[in-house]
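First comes the structure, then the notes that go with it.
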Amino acid sequence: METEAYPVGDAAGHAFRGQTRRNGSLYLTRGHAYVYFIYGMYYCLNVSSERAGIGAGVLVRALEPIEGIELMKERRGSSPVRDLARGPGRLTVAMAIDMRDDGVDLCTDPSLWLGVADSEYRGRVSATTRIGLSRERSRAWRFYERGSAFVSGPRLVSARSAS
DNA sequence: AAGAAGATTCGCT
DNA sequence: GCGAATCTTCTTA
């Protein structure tokens, strides 16, 4: 798995300039989905990360497919398993995530939810700077499973930045 | 009202 | 490596 944090006060975050129609789900209680449409073509999935009324979240950039691989291949058009969900746009295609999922509670909704990581993944997380930003480039707020082939960007550990 | 940029991906050079 | 695809949001270049 690969994620990027967009915490409160982050100038690169969608909630930096306050709540809008688009980013409203970032202001839901932690654990809700924030889905937005980007580049006229792709959806991106985020998880709200603060209490109600505070806008912050985590972008889910990549996943390692475990189950439902055939279905994901159908949606993605026969791409290699490694590429099914390696990248935020690919991930939402493979999972059939769109604006209908915006605002759902990922802790209780039967259609889309988050589980808890197996203990074997604990301690296997590394960090780098985030991808594709023009602001706050130096923050090492991208997190991924060290050694995994199912991540979308650099797998090197960058120098830790002050936070 | 109009234009530019954007947490991307894919295909072609 | 570069540009197209294609649309929402924010800013006024």
Side-chain angles (χ1 to χ4, degrees), chain A residues 1-50 53-65 68-69 71-104 106 112 114 125-146 148-163:
Chain A
M1 186 172 190
E2 173 187 350
T3 61
E4 285 179 353
Y6 291 85
V8 172
D10 175 14
H14 284 186
F16 184 61
R17 289 181 182 78
Q19 189 166 356
T20 65
R21 181 187 284 98
R22 178 204 202 193
N23 67 19
S25 295
L26 282 176
Y27 291 78
L28 299 174
T29 304
R30 64 181 70 92
H32 284 73
Y34 162 48
V35 180
Y36 68 91
F37 193 49
I38 190 70
Y39 297 126
M41 195 170 261
Y42 296 103
Y43 299 97
C44 290
L45 171 67
N46 298 249
V47 183
S48 66
S49 59
E50 297 290 338
I54 297 183
V58 172
L59 169 70
V60 184
R61 287 193 57 89
L63 294 172
E64 175 177 347
I69 289 177
L71 181 54
M72 295 172 83
K73 281 185 174 178
E74 282 180 32
R75 293 169 176 152
R76 286 272 307 143
S78 73
S79 74
V81 174
R82 181 173 181 249
D83 293 339
L84 285 177
R86 191 165 61 85
R90 291 167 167 177
L91 181 153
T92 52
V93 171
M95 301 281 289
I97 290 168
D98 58 29
M99 295 312 292
R100 291 173 306 183
D101 298 297
D102 186 42
V104 309
L106 297 171
L112 184 63
L114 290 170
V125 177
S126 288
T128 70
T129 53
R130 295 175 293 184
I131 294 175
L133 300 183
S134 58
R135 322 175 63 170
E136 298 291 351
R137 305 279 299 266
S138 64
R139 304 294 194 178
W141 285 340
R142 168 173 171 261
F143 305 96
Y144 63 96
E145 181 191 337
R146 185 161 54 251
S148 171
F150 298 88
V151 307
S152 68
R155 269 162 273 154
L156 300 172
V157 180
S158 68
R160 177 180 296 282
S161 72
S163 64

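Letters go in sequence order (proteins before strands), and every chain restarts at 1.
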* To do: Would you please classify the geometry between the A/Phe37 ring and the A/Tyr43 ring as parallel, tilted or perpendicular, with 30° and 60° separating the classes?
  =>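 The rings of A/Tyr43 and A/Phe37 sit tilted, inter-plane angle from 30° to 60°.
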Provide, to the nearest angstrom, the distance between the [atom1] atom belonging to [X] and the [atom2] atom belonging to [N].
| X | N | atom1 | atom2 | value |
| --- | --- | --- | --- | --- |
| A/Met41 | B/dA5 | CE | P | 19 Å |
| A/Arg142 | B/dT8 | CZ | P | 11 Å |
| A/Tyr42 | C/dA4 | OH | P | 16 Å |
| A/Arg82 | B/dT9 | CZ | P | 13 Å |
| A/Leu59 | B/dT8 | CG | C1' | 11 Å |
| A/Leu84 | B/dC10 | CG | P | 11 Å |
| A/Ile38 | B/dT8 | CD1 | C1' | 8 Å |
| A/Asn46 | B/dT8 | CG | P | 11 Å |

* A/Tyr39-C/dA5 aromatic stacking (under 5.5 Å, under 30°) ->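 A/Tyr39 ring does not meet the centre or angle cut-off for C/dA5; no stack.
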I'd like to know if the side chain of [X] reaches the main chain of [Y], judged simply by a donor and an acceptor atom lying under 3.5 Å from each other, with no hydrogens or angles considered.
| X | Y | value |
| --- | --- | --- |
| A/Ser48 | A/Leu26 | no |
| A/Arg61 | A/Glu4 | no |
| A/Asp83 | A/Pro80 | no |
| A/Arg139 | A/Arg130 | no |

* Asked: Is the CE atom of A/Met72 crowded by more than 12 outside heavy atoms at less than 6.0 Å?
  ->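 For A/Met72, atom CE is crowded (more than 12 foreign heavy atoms under 6.0 Å).
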* **Over 12 foreign heavy atoms within 6.0 Å of CZ, A/Arg137** =>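 Atom CZ in A/Arg137 is not crowded, with 12 or fewer foreign heavy atoms closer than 6.0 Å.
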* Asked: Which part of the nucleic acid, if any, lies within reach of A/Gly40 when heavy atoms closer than 4.0 Å are counted: base, sugar-phosphate only, or nothing?
  ->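 Answer is base: heavy atoms of A/Gly40 come under 4.0 Å of a base.
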* Which part of the nucleic acid does A/Arg76 contact within heavy-atom distance under 4.0 Å: base, sugar-phosphate only, or nothing? ->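 Contact class for A/Arg76: sugar-phosphate only.
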Does OP1 or OP2 of [N] have a side-chain N or O of [X] closer than 4.0 Å?
| X | N | value |
| --- | --- | --- |
| A/Ser134 | B/dA5 | no |
| A/Arg61 | B/dT8 | yes |
| A/Arg90 | B/dC10 | yes |

* What is the base-pairing partner of C/dT6, counting Watson-Crick and G-U wobble geometry with both distances under 3.5 Å? ->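 Paired with no nucleotide.
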* Asked: Paired with B/dA7: which nucleotide, if any, by Watson-Crick or G-U wobble criteria at under 3.5 Å for both distances?
  ->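 The answer is none; no pair meets the criterion.
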* **Distance, P atom - from B/dA5 to C/dG3, rounded to whole angstrom** =>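 My reading of the P atoms in C/dG3 and B/dA5 gives 14 Å.
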* Structure fact -> Scoring nucleotides 8-13 of chain C by protein non-hydrogen atoms under 4.0 Å (B base, S sugar-phosphate only, - none) yields -SSS--
